[in-house]
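The analysis underlying the following values was restricted to heavy atoms, covering all of them including side chains, and did not include hydrogens, waters or symmetry mates. Chain letters run A, B, ... following the sequence lines, proteins first, then strands; residues in each count from 1.
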Amino acid sequence: MRPENYEAQRQPPSNEYELNFGPNHPGIEGNYALKVKLHGDIVLEAKADGGYLHRGFEKLMEQRLWIQNIALVPRICVPDPSPMELCYSMAVEELCGLKVPQRAQWLRVMQLELSRIAAHLFTFGGHAATTGMYSTMYWGVADRDLLLDLFEEFTGGRVYSIYNIPGGVRRELPEGFLQRLTETLDYIESRLPDYDNLFFKNQVFVKRAKGTGVMSREQALEWGVTGPNLRATGLAFDVRRDDPYLVYDQLAFDIPVEESGDAWARTLVRRQELMESIRILRQVVEILPDIHGPIRAPIPNPLAWNVPAGETYTRVESSKGELCYYVVSNGGPKPYRVHVRGPSSMHAVQVLEKMSVGSRIEDIAQTMFSLDACPPEVDR
Amino acid sequence: MSRLQKIPVVEEKKGNPLARVFDDLVRFCRSRSLFILHYCTGCGAIELPPAMTSRFDMERLGIQPMVSPRQADILLITGYVSIKTLKRVILTYEQMGSPKYVVGICSCTVNGGMYWQSYATAKKLDEYMPVDLYIAGCMPRPEAVISGLQKLMDRINSGEADSWQDYYRNYDYYLGNQQKLFGEDWQTPTDIITEAKHYELMGEGTLGQHTRLLEQHQKPLEALEMRLGHNIKEPVE
Ligand code: SF4
């Protein structure tokens, strides 16, 4: 060691001390850090320190063709990549005035909901691990793998499916896929009571999560909170219902709401959303065989594709919250500007900073997982 | 190429045959109990939980995650390394005790992958630290990760995985690349040169123009004072 290089700055004597929480820390989600100031184990101040995963997406997308960007966008949010492709494709379709065939829209709904279930299972696993219950993590990850198998079958990729292209989807379903989808859904539904007993009703979890990281509805709206975190404060807002895209207006589903706005409520909202997603998927399985037709609208030669000039703003509901793309085209072969408004950049920075204050240091990890923040999307 | 030629060839020591048997045994044991420090530097990290948990279960091979770099054997770099992360990766690597192995997962660690033109990522990991094994793919499946690690076990067992010595022998080269990225006054808290002397791994490339810069920018050591506070104020509520 050369202490001379890492000499601590002289501070006036006090009982406060600072800690780096992350980036290489088992309790933090991904590659992300917080600088916390503590007195005992009570957090006095927290400062988010992101940028470890910055790749400069918005600049990279300006340098690639419209079609090449499809391969780039899922990387923005790793645990839930499908809404990223979809939202970008929807933006390009809007700029070009492309009409997406019915069958493609249903296939897209199927992909989105599968991705939502997978992302929620993963979050439950991570959240349980922060409260010391590792078996839930093992179960959650193993069950998520069954969904990844389905993804692999119908899109070709386990995690990054790159299934959408502007104008539709890339492939038809393999034979007998809907049957296997139903079996997997049955299996996951049959597992849920076990999850309840292991995790959601477990006193270890309930006692620690109740009253941790509380926010009121007014605060949530002020801080720009969306998705399940907003619904956990009692406001039933869901882009799927309130600004429907694809065919969500033809599907029946409820918007689960909880009132208390703490980590417990947020987790319960996700737990109920799992059921709603299964319900949506069952409707898709029923309706999809009756919808025939093409899966893709004709598009011009993708390597020399000049998208008409204009700008657009599209939004979808991802498993983390409201995801939006602002895309500007100047009529050229590449986007002029793409801006991604991800839900996690609000949740992981301003909300987490404010919520950590006053809590104990061991609850920071839990708060972060209950907000379901996704660091790659914060940094982009 | 010139760097490769400089690696000295260690001749087989004609020592006690019993000691050689003992060395083999140590290598065998080492390869069967590996602790990985997995630093989620990029998106490849998402395939690590499936590889570690029930379905693919890396533990049956004796590989387990470990949270602290001091006790870990393998540094797993899971994906693209942004420049801010690379600093932390290097600090982590230097803190690990030898013998240590670096595994680069994902194409992004090999040549930049998807982000070959990005301004924010470091493209080739082996310019900054010696890498034992790459597992390419975007992203590699859990099976690929596991078979890659099995290959690493074989190499440890046969004594081929010794690239950590390369860091000591060619410290100047690695430090030069690090300085190119982080500036001339880049310092790490670990004293690699003293360690190299201790391990008797001083090579021709250990010292050079870049290590001279290192010494030039070192701050002089000041005496630290320590006081036990009796009249420390409680924080203002
Ligand atoms: S190779 Fe692909 S999966 Fe791996 S870090 Fe790079 S972009 Fe992500």
Side-chain angles (χ1 to χ4, degrees), chain A residues 1-8 10 12-16 23-33 39 42 44 49-57 59-60 63-64 71-72 74-75 78-79 81 122 125-126 134 137-142 144-146 148 152 157-160 375-376 379, chain B residues 37-47 49-50 52-57 65-69 78-85 88-89 91-92 108 114-115 117-121 138-139 141-142 187-191 194 217-222 224-225 227-229 231-235:
Chain A
M1 287 289 282
R2 290 195 214 111
E4 62 273 23
N5 299 330
Y6 276 72
E7 192 192 347
R10 294 238 157 74
S14 81
N15 277 338
E16 295 168 9
N24 191 354
H25 185 280
I28 203 133
E29 195 176 354
N31 196 353
Y32 192 70
H39 175 237
I42 305 292
L44 299 174
D49 177 21
Y52 294 102
L53 292 167
H54 180 64
R55 293 144 279 177
F57 263 112
K59 199 74 204 162
L60 284 181
Q63 298 163 2
R64 301 198 181 176
L72 204 55
R75 268 109 185 142
V78 193
F122 202 57
Y134 280 91
M137 189 183 95
Y138 277 57
W139 286 16
V141 173
R144 168 177 172 269
D145 241 69
L146 298 175
L148 296 191
E152 192 172 9
R158 255 168 76 86
V159 178
Y160 296 142
D379 298 337
Chain B
L37 177 76
H38 108 246
Y39 191 162
C40 320
T41 57
C43 24
I46 197 107
E47 288 289 35
M52 279 174 200
T53 55
S54 342
R55 186 161 184 208
F56 296 99
D57 199 8
M66 166 54 71
V67 290
S68 125
T78 54
Y80 58 86
V81 207
S82 70
I83 291 172
K84 190 172 176 182
T85 309
R88 276 75 178 172
V89 169
L91 297 191
T92 314
C108 281
M114 293 232 77
Y115 309 114
Q117 83 217 103
S118 164
Y119 57 81
T121 59
C138 180
M139 54 201 33
R141 303 168 53 91
Q187 301 269 345
T188 60
T190 321
D191 195 342
T194 317
H217 287 283
Q218 250 172 40
K219 290 192 215 101
L221 188 63
E222 256 182 68
L224 285 171
E225 58 176 319
R227 264 181 293 149
L228 289 176
N231 44 6
I232 290 174
K233 274 185 250 119
E234 285 292 309

request  = Can you see which heavy atom on A/Gly51 is nearest to which on B/Ser82, and at what distance?
outcome  = O-OG, 3.9 Å
query = If you look at every heavy atom in A/Leu53 and B/Thr41, which pair is closest and at what distance?
reply = CD2-O, 3.1 Å
message = If you define the side chain from C-beta out and look only at heavy atoms, does anything of B/Pro49 sit under 4.5 Å from A/Met137?
response = no
ask   = Atom CD in A/Gln63, atom CD in B/Gln117: separation rounded to 0.5 Å?
value = 4.5 Å
request  = Check A/Gly56 against B/Tyr119 and note the closest heavy-atom contact, atom names and distance.
outcome  = CA-OH, 3.4 Å
ask   = Given that the side chain runs from C-beta out, which part of B/Ile83 has a heavy atom under 4.5 Å from chain A: side chain, backbone, both or neither?
value = neither
query = Which bit of A/Tyr32 is near chain B, if near means a heavy-atom gap under 4.5 Å: side chain, backbone, both or neither?
reply = neither
query = To the nearest 0.5 Å, how far apart are OH in A/Tyr138 and CE in B/Met52?
reply = 8.5 Å
task = Can you tell which part of A/Phe57 gets under 4.5 Å to a heavy atom of chain B, answering side chain, backbone, both or neither?
result = side chain
message = Given heavy-atom pairs under 4.5 angstrom as the criterion, report whether the side chain, backbone, both or neither of B/Thr92 touches chain A.
response = side chain
note = Taking every heavy atom of B/Met114 against every heavy atom of A/Arg64, the minimum-distance pair comes out as O-NH2, 2.6 Å
request  = Counting only heavy atoms closer than 4.5 Å, note whether A/Arg55 contacts chain B via side chain, backbone, both or neither.
outcome  = both
ask   = Would a 4.5 Å heavy-atom cut-off, applied to side chains only, mark B/Lys84 and A/Pro23 as touching?
value = no
request  = Compute the centroid of each ring, for A/His54 and then for B/Tyr115, and state whether the two points are separated by less than 6.0 Å.
outcome  = no
inquiry  = Once rounded to the nearest 0.5 Å, what's the spacing between atom CD1 of B/Ile46 and atom CZ of A/Arg144?
reply    = 5.0 Å
query = Which atoms of B/Pro142 come close to chain A, meaning under 4.5 Å heavy atom to heavy atom: side chain ones, backbone ones, both, or neither?
reply = side chain
